[in-house]
Every structure is written in structure tokens, then in C-alpha cells.
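Each remark here refers to the structure printed beneath this line.
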Amino acid sequence: MAIKYTQKVIDEFTNPENVGELDNANAVSTEGSPACGDMITYNMIIDPKTLIIEDIRFRSYGCASNIATASMASKMAKGKHIDEIKKMRPKAVTEELEGLPAVKIHCSVLAINGLKSAIRQWEEESGLVDPQEPIITEKIVMEALRDVINPETGLSLTKMNMVRHVEVQDNKVFVEVLVGETDEMYYENIVEEAREHIESLPGVIDATVKLTEIPVA
Amino acid sequence: MSTTPHIAYLDNGDSTQVLPEVIEEMLPHFTEWYGNPASLHQLGLRAEETLDEAREKVAGLIGAKPAEVFFTSGATESNNIALEGLRRLHPKKKHVLISPIEHASVRNVVLRMEKEGFVELEELSVDGEGLLILDSLREKLRDDTLFVSVIHGNNEIGTIQDLRPIAEICHEKGALLHADCAQTFGKIPLNVKDLGVDLASFNAHKLHGPKGVGALYVRKRLKLRRLFEGPPQEQGLRPGTENVPAIVGLAKAAEIAVRDMDEVMPQVNELTKQLADRLQEIPHVQINGPEIGSKNRLPGNLNITFKYIEGEAILMSLNYGGVYVSSGSACSSRSLVPSHVLTSIGLLHEEAHGSIRYTLSRLNTQEDVDHAVVETAKAVERLRAMTAFIPEEHSKRESEHATTFYKQRKEKLD
């Protein structure tokens, strides 16, 4: 499958900005992992008085669009108030890059979530918010699944109403996802991504993701 | 300095340039002798004769009889007709075996059979270079094993299987052996009778022939149920008017490949080996698959992992630098999961993600290798400078993984 990137993505990949780290960063985050093949780390300096992101650096282990989205997200975050970033949707980065192929939309989710978790970490450390309670609810699981993208469409599982059932038993989560035959080549990816997103929730020990195929009418 | 940037096409494992001689041979079959081989008039007869000649030629090149050669649209179709054709004819034989490093055109066919409840599917084991472990075959074969399918030359890591002993073990148990020879045809000497296979798939576009044409070898007296209905072309196995110009191209390309093999393949191997040696000067790399230039390695195939960075990003950097390759990373696969071939030979996901495959052909030059070395070194250095991957954590996981992987494999075998 040839991947067709926009010129914006190519430019951002070949000449990314804000690469590296900051010695005096007060907010840091790492999203993703080497095993998944994409990982972004952010270093930020948040001004405690103005709540403005004064400076930001990123590192990326991932594909061309991972690097491009991380670079673009860092440029968009620089100089902004943290509240603005907290409201930011992955779509904002995608639009700034003049589009991403559907199979690459998950990169924009990773890039934005990385910004948000750096801010969250800073807020927790500064005592502005309480650390996340490790109480798992169906709602929290659904929110995590909002970040899982069906690579076939580039839309999230929740947006596509693919999540049929969520069950939480203590620290174990069971999820049933409805899939159609057109998604077949992504089955393994959808299960892996959903599991990873649920298991990264604080307090979750084990997530089981079951796919149920909807028969072709 | 030339003004046009140099392009090094090093993806010949995906497809190749069609040789001018092949095109020349094909052309009159579009414009002059365009009849349907099934037609009764002179042009039909001419087309039928052309088809017979091509069949004889291909049969001769693989050590088969002309009646054992069926033309198809390529190795994917050949694989489907072979395996699904057997399955439909033998509903009582419920067990099938494949190697864990099969191409999707075999793997997905048997996965579908299993999913629909027709067969019980088991995977055989391979060693760290992708060579089939014969004991795993001996152990897993059953009385109701219908077929075993093994890829002759692996498209990703270049492992060439020694099919003869595999065939003998299968036949002792009454199972059939199918081999996907898409990558080996025209690159190494190949004789279906010597290999002992019952069915074998071939194609043209990996050996400087046209796309969309291939062949299936079916041992004499072995029957298959056809997959499509229509007029009885190809002895009724593959209905549909034969693609005569493409079949002519297949025969010609194969003829040239076999004719020049002794001269060309050592040169291809020489360049590949040089590329491998020079790329290994880059720190933190590993070659995947058997030793380059050895008898178990497909000529021209080099698969290498550049640690701590991701393959699609390397591939794209090389692309913009005029070097065309492929990768086993999740992000460059259609299904967004890392290559099952690489994980089957024990690679960690992150090692599979960092893999790049260079495949050379007779048309590659010293300049291509020089260009690829320079561009790769540049890309790897740039991407490593911005990677988020922390090598120390990786080495810990790597050693843990190696321990469990080989322990599990040993347990499987014991």
C-alpha cells in the first residue's frame, strides 16, 4: 500500500521543529511504546503564573507521520495557554497538516494525548488537581476507547458505535467490539490498540477485547 | 554532477523492471496475433500454438511436463487455486499445516478455511534464520493432513527451504506438499521433480516479466476442484481466456532468467554482500535471515534492522532521497501489525519495526549500492538524533525476550 502524505506532512517530517529536550522542563510525558512502533516524549516549560507553555521539545520514535504530527503539535502548543491545549482535539493537528491517511489518524491522537498528559502531570505535581483516582468505570473505559482509531475509516471506535459492551470487574476490563468484514485486515491491530489504551488506564491490570463480526447483510 | 537525482530501485522483491527483450516478444501478440486460443480460425490456432509453446518452455524450465503447467494471473491466484482446490475436493481430510513465514496469499487462504470451519490449521516451527524445523513437521503431521504449504524462498528474509526432505516427510504420511516459488523462480536452479513437491506456484513480475501472470504446477494425476466456472480453459482448472501476451512474457522472462542465472546471480550476490557489509558499519544494526550469499539465502535479498528507529520513517526518508525499499514495520504493513515473518524468527516487535528490506536484481549497479549506503547512513543518523527510544531499556527487554522465546520454542518441540 503506497502511503500518500500531503506536502505539509512531508515538510514537517523532513524538517521538524522543536526536536530534543529542555534542561529546565517542568512538564514531561511519554506516550506509546517501542513495541507498538510509535512513541512520543514531550518536554515543556509551563509558566506557573500565566499557565502559558513557554517552550516545548519533543522526541519521536515512529513513522513519518508520527514525527510530523509531534512536530506540528509542538508548534501549535508553544505560546498557548494550557486550557487551550486541554480542549484541543486530534483533528486540529490533522487539519494543520492538511490531512492524514486514515491509517495514520492514530498518530494525531498520540501527539495530542502526549501534550495533555504532560500538562496533567504538571497540574498534579503543582497540586492544581488531584491525582487520578484509580477507580475504573465503564465511562472511563469508553473515554479511553475514544482514542482508538479504526484504521479503515480513520474514525474512533466510539464514534463509529463499534463498542457494544464494556464490563469492569475490580481491575479487569472486558470489552466487546463490533467489526465488519471490511475491517478484517485490521482485526489484530484493533484488539492490540484497544487493549493497550485500556491497560494504560491507572488501576487496570488486565483488559480482554473480544471482536464480534457483524455478518454481511 | 548530473542534474537528475540518482534513483536506486532496491525493491525487486516486490516487482521488477520488464526487460526490453520480453516486451519485444510480447508486442506482436497484442497487435498481430490477437486471436483467442479457443477460436477455430487461423488466428485462434496461432494463439493456441503460442500458448502451447509457452507452456512447453515454462514446463522445461521447472522440470515439469507441459500438461502439468497451468497459467494463472500470478502466484497469489496459483496459491489460492492449489490450496482451496485441494480443500474442496477432500472434505474428509481436516488438517492442514503451513510454515509460520508464509506469504499472505497462502496464510490468509488457510486462515479463512479454518475460520469457516473446514480445516484445523497448525503452524510449523522455524529456526532463527527461518529454516523449517523438520522435527516439528514430523510431529505435527497426521493421518488426515491434507497438505503442507511451505514458501520456497521467503520474500522478506530470503530464507530458501530445502524442500526435498520436507517432501519426503510429507509423503511418508500421505500429505501433499505445496511450495510457493514466487521468489525463487529464475534466481536459483529449480526442478519440481527433484524438489519432490506436488504443487508449486510461480509468477513473472519478480523475474523481469509482466505483472498479472503466473503459473501453477500440479503433479500429474493430482486433481483439484476449480474455483471459478466458465469455459474449460487450462484443462478446466482455470476458466477464462488466457492472457496470451502476458504468458509469452512470462515464458520469455523465465527463459532469460534461467539462461543467465550462472552469470547474473553471482553478480547480484556480490553487490548485495557489499551493501550488507557497508550498512553494517552503521552502529546498532542486525541482519535478519540466513547469511548473505549462502545457499539458504535468496540472491539479492538483504533484510536489516536499524535499532531504535522505525522502518516506515526510514523508508520514507530513503524514498525522498531516491532509494526505494520496503519495510517489515507495523506502520508500513497494510494491517498495522509488524511482519509475522520477523516475529516468527524471534525478533522483538521493535526489531521488526526497524527492519528494512533491500532487494537487488540484475539491473542494479555499483552506483545504486553507493547511493543506498549514503542515503541510509544519512536517514538513520537523522532519525536516531530525534528518537524517543531509550536503548538501555530495550536491551533489558531484549534479553528477557530472547530467554522466553527460546524457552517456549524448546517446550513446543520437547
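Below, read A as the first sequence line, B as the second, and so on, with proteins coming before strands; counting in each chain starts at 1.
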> What do the steps show when you test A/Lys104 against B/Glu312 for side chain to side chain contact (heavy atoms under 4.5 Å, CB included), and what is the final call?
Replying inline: CA-CA 12 Å; A/Lys104 299 290 183 186; B/Glu312 194 256 34; 3.1 Å; yes

> Checking side chain to side chain contact (heavy atoms under 4.5 Å, CB included) for the pair B/Arg112/A/Glu184: CA distance, chi angles, key distance, verdict?
Replying inline: CA-CA 11 Å; B/Arg112 166 66 51 145; A/Glu184 188 170 359; 2.9 Å; yes

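Within 6.0 Å of the CD atom in A/Glu176, the count of heavy atoms belonging to other residues, nucleotides or ligands exceeds 12. Atom NZ of A/Lys159 sits in a sparse spot, with 12 or fewer heavy atoms from other residues, nucleotides or ligands closer than 6.0 Å. Counting heavy atoms of neighbouring residues, nucleotides and ligands inside a 6.0 Å radius, atom CD of A/Glu54 exceeds 12 of them. The number of heavy-atom neighbours closer than 6.0 Å to CD of A/Glu199, taken from other residues, nucleotides and ligands shown, is above 12. No more than 12 heavy atoms of other residues, nucleotides or ligands lie within 6.0 Å of NZ in A/Lys172, so this atom counts as exposed by the packing criterion.
Taking B/Ser317, B/Gly311, B/Pro338, B/Ala352 one by one and counting their heavy-atom pairs under 4.5 Å with chain A, the maximum is reached by B/Ser317.
The line from OG1 of A/Thr14 to OH of B/Tyr320 is 7.5 Å long, rounded to the nearest 0.5 Å. Distance CG/B/Leu315 to SG/A/Cys63: 11.0 Å, rounded to 0.5 Å. To the nearest 0.5 Å, atoms CE (A/Met39) and OG1 (B/Thr387) are separated by 6.0 Å.
The nearest pair of heavy atoms linking B/Val337 to A/Asn189 is CG1-N, 3.9 Å. Taking each heavy atom of A/Tyr61 and B/Ile309 in turn, the nearest pair found is CE1-C, 3.3 Å. In plain terms, the two heavy atoms of B/Met386 and A/Val19 that are nearest each other are CB-CG1, 3.3 Å. Minimum heavy-atom separation, A/Gly62 to B/Ala313: O-CB, 3.3 Å. Across B/Glu350 and A/Pro34, no two heavy atoms sit closer than the pair CB-O, 3.6 Å.
If you measure heavy-atom distances from A/Glu21 to chain B, you find no contacts under 4.5 Å at all. Of the atoms belonging to B/Ala104, not a single heavy atom falls under 4.5 Å from chain A. Neither the backbone nor the side chain of A/Glu31 comes within less than 4.5 Å of any heavy atom in chain B. Proximity to chain B is limited to the side chain of A/Tyr187, based on heavy atoms less than 4.5 angstrom apart.
No side-chain heavy atom of A/Arg59 sits under 4.5 Å from any side-chain heavy atom of B/Phe389.
Between the side chain of B/His349 and the backbone N or O of A/Gly37, no donor-acceptor pair lies under 3.5 Å.
Remark: B/Arg382 is positioned above the aromatic ring of A/Phe13, its terminal NZ or CZ atom under 6.0 angstrom from the ring centre and at most 45 degrees off the axis.
Contact residues of residues 87-96 of chain A toward chain B are absent (heavy-atom distance under 4.5 Å).
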